[in-house]
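Before any comments, here is the structure.
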Number of protein chains: 2
Amino acid sequence: MTLLAQNPLDAETKAHEHEDGHQTQLRLWLRLLSFSALVESQIRRRLREDFRTTLPRFDLMAQLERADDGMTLNELSKRMMVTNGNVTGLVERLVAEGLVERRPAPKDRRAQFVRLTPLGRRLFQHMAGAHGRWLAVLFSGLDEKEMEEMMALLGKAKLSAREALSRGELEIP
Amino acid sequence: MTLLAQNPLDAETKAHEHEDGHQTQLRLWLRLLSFSALVESQIRRRLREDFRTTLPRFDLMAQLERADDGMTLNELSKRMMVTNGNVTGLVERLVAEGLVERRPAPKDRRAQFVRLTPLGRRLFQHMAGAHGRWLAVLFSGLDEKEMEEMMALLGKAKLSAREALSRGELEIP
DNA sequence: TCCCGATATTTTAGGTTTCAAATATCGGAG
DNA sequence: CTCCGATATTTGAAACCTAAAATATCGGGA
């Protein structure tokens, strides 16, 4: 949301700078950030105004909704791509709100399972419906084919980024 | 009782009513988030390891770098798409690090101009070069044409989202 | 069995971020 | 000139988030 938000004023200024060669990547990255910041801020706002909750809590509940038996904190943090300590705090707050419950893992005394309470599940279904409608509005500029196209490009970019990372291409020479 | 729970009755009615059409948008949104989270986490890591700084600070300096005379906190917060209070704290830390300096606005005693110090400018140029190289690695899966394509789609999506928002399509009916 | 590296979670410290309220100033209407 | 709504910034409270260290447990090998 906060990354290098693009300056709307000089969107087209430096399309022809050859000094570095990385210009297109930067412009694409800025545009991607600026769009996702726009969408994200609207979703945050609506979650707050309509449901008095936050995006991270919604995200966590969305992960839990797919697993009837719940999952461990560790699995949650991997799926949400955030740190363990982060999940600890989020779960704490959701438990306090009665939307989520913890129980010890059956065979591993280090781990805990977390799952939605019936209240949490009911509330999440409300929120998920609204969330889908918001996205429909925010993505209404793209037709089905364009969305598939963009998804393909993102998939390709992500795969290749992962591969480059595993080859250590981002590490200090 | 914080979270909304006022209409448990039509939970399924509404969910069912809108259950169908929004699948592609959701998948696209999740894929976009997952890619940008990947890129973002790598940039954060490299900024920390190579320059002992953070992404928000880099972001703020990037805005300042384009304005020789500096800009006001208010303008900064608009361009970065974050709140005023946020910028206040960031500038505070950057001033403490000697990378940024404030001075009163000439004609408006409410406002302050902020700009890079020579040290800040020098450091930013280093960081921007590295940042460009990181992006080149992370986007290496897309060729020029694909990047332009994705940029066009993002531009279209953003424009239409803005228009939908200005028509109030996201507000409560 | 004991030990040890790996895994799951929490804790700690520091930053980032938002919202809302407070403060100060501006600029125009009357 | 005075008042008043708008604008620029700061402050305070709460949440979010990360990295790194600490704690507890697991599981396998000697």
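Here the structure is a predicted model, which is why all the values come from computation and not from measurement. First the proteins, then the strands, lettered A, B, ... as listed; each starts at 1.
- Aromatic rings from Phe124(B) and Phe58(B) are positioned such that their centres are separated by under 6.0 Å.
- Among the candidates Arg45(A), Arg44(A), Glu40(A), the single residue satisfying the side-chain hydrogen bond (donor to acceptor under 3.5 Å, both in side chains) test with Gln42(A) is Arg45(A).
- With salt bridges taken as basic N to acidic carboxylate O contacts below 4.0 Å, one links Glu49(A) and Arg46(A).
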For side chain to side chain contact (heavy atoms under 4.5 Å, CB included), just list the numbers for Leu116(B) and Glu65(B), CA-CA rounded to whole Å, side-chain angles, deciding distance to a tenth of an Å, and then say yes or no. CA-CA 7 Å; Leu116(B) 291 177; Glu65(B) 201 259 350; 4.0 Å; yes

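- The interatomic distance linking Phe113(A) (CZ) with dT9(C) (P) rounds to 9 Å, in whole Å.
- Between the P atom of dC17(D) and the CG atom of Asp59(A) lies a distance of 8 Å, rounded to the nearest Å.
- The CG-P distance, from Asp108(B) to dG27(C), rounds to 6 Å in whole Å.
- Note on Arg44(A): every side-chain N or O is 4.0 Å or more away from OP1 and OP2 of dT18(C).
- Lys145(B) has no carboxylate O lying under 4.0 Å from a charged side-chain N of Asp143(B), or vice versa, which leaves the two without a salt bridge.
- Per the geometry, CD belonging to Glu92(B) stands 16 Å off P belonging to dG14(C), to the nearest Å.
- Among dC26(C), dC16(D), dG15(C), the nucleotide with an atom closest to any side-chain atom of Arg57(A) is dC16(D).
- Judged as a side chain to side chain contact (heavy atoms under 4.5 Å, CB included), and not counting sequence neighbours, the contacts of Glu148(A) are Glu144(A), Met151(A), Thr24(B), Arg27(B).
- A close approach under 4.0 Å does occur between a side-chain nitrogen or oxygen of Thr54(B) and OP1 or OP2 of dT16(C).
- Side-chain atoms of Arg133(B) and Leu138(B), non-hydrogen and from C-beta on, never get closer than 4.5 Å to each other.
- Residue Arg102(B) places at least one side-chain N or O under 4.0 Å from the OP1 or OP2 atom of dT10(D).
- Within a 6.0 Å radius of CZ in Arg167(A), other residues, nucleotides and ligands contribute more than 12 heavy atoms.
- Positionally, the nearest nucleotide of DNA chain D for Leu73(B) lies more toward the 5' end than for the other of Ser41(B) and Leu73(B).
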Summarise how protein sits on nucleotides 1-6 of chain D as a single string, 5' to 3': B when a protein heavy atom is under 4.0 Å from the base, S for sugar-phosphate-only contact, - for no contact. -----B

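- Residue Arg93(B) places no side-chain N or O under 4.0 Å from the OP1 or OP2 atom of dG15(C).
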Verdict with supporting geometry, Phe113(B) and Thr72(B), side chain to side chain contact (heavy atoms under 4.5 Å, CB included): CA-CA 4 Å; Phe113(B) 274 89; Thr72(B) 65; 4.3 Å; yes

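- When rounded to the nearest whole Å, the span between CG of Leu47(A) and C1' of dA15(D) equals 15 Å.
- When all heavy atoms are compared, the tightest approach of Leu142(A) to Met147(A) is CB-CG, 3.7 Å.
- Residue Gln42(A) contributes atom CD, which lies 13 Å from atom P of dT18(C) at whole-angstrom precision.
- Annotation: proximity of residues 74-90 of chain A to DNA chain C (heavy atom, distance under 4.0 Å) is found for Asn74(A), Asn84(A), Gly85(A), Thr88(A), numbered in ascending order.
- The separation between Glu97(A) atom CD and dA15(D) atom C1' is 11 Å, rounded to whole Å.
- One interatomic measurement links the two molecules: CZ of Arg52(A) to C1' of dC19(C), which rounds to 12 Å at whole-angstrom precision.
- Between dT18(C) and Arg48(A), no contact under 4.0 Å exists linking OP1 or OP2 to a side-chain N or O.
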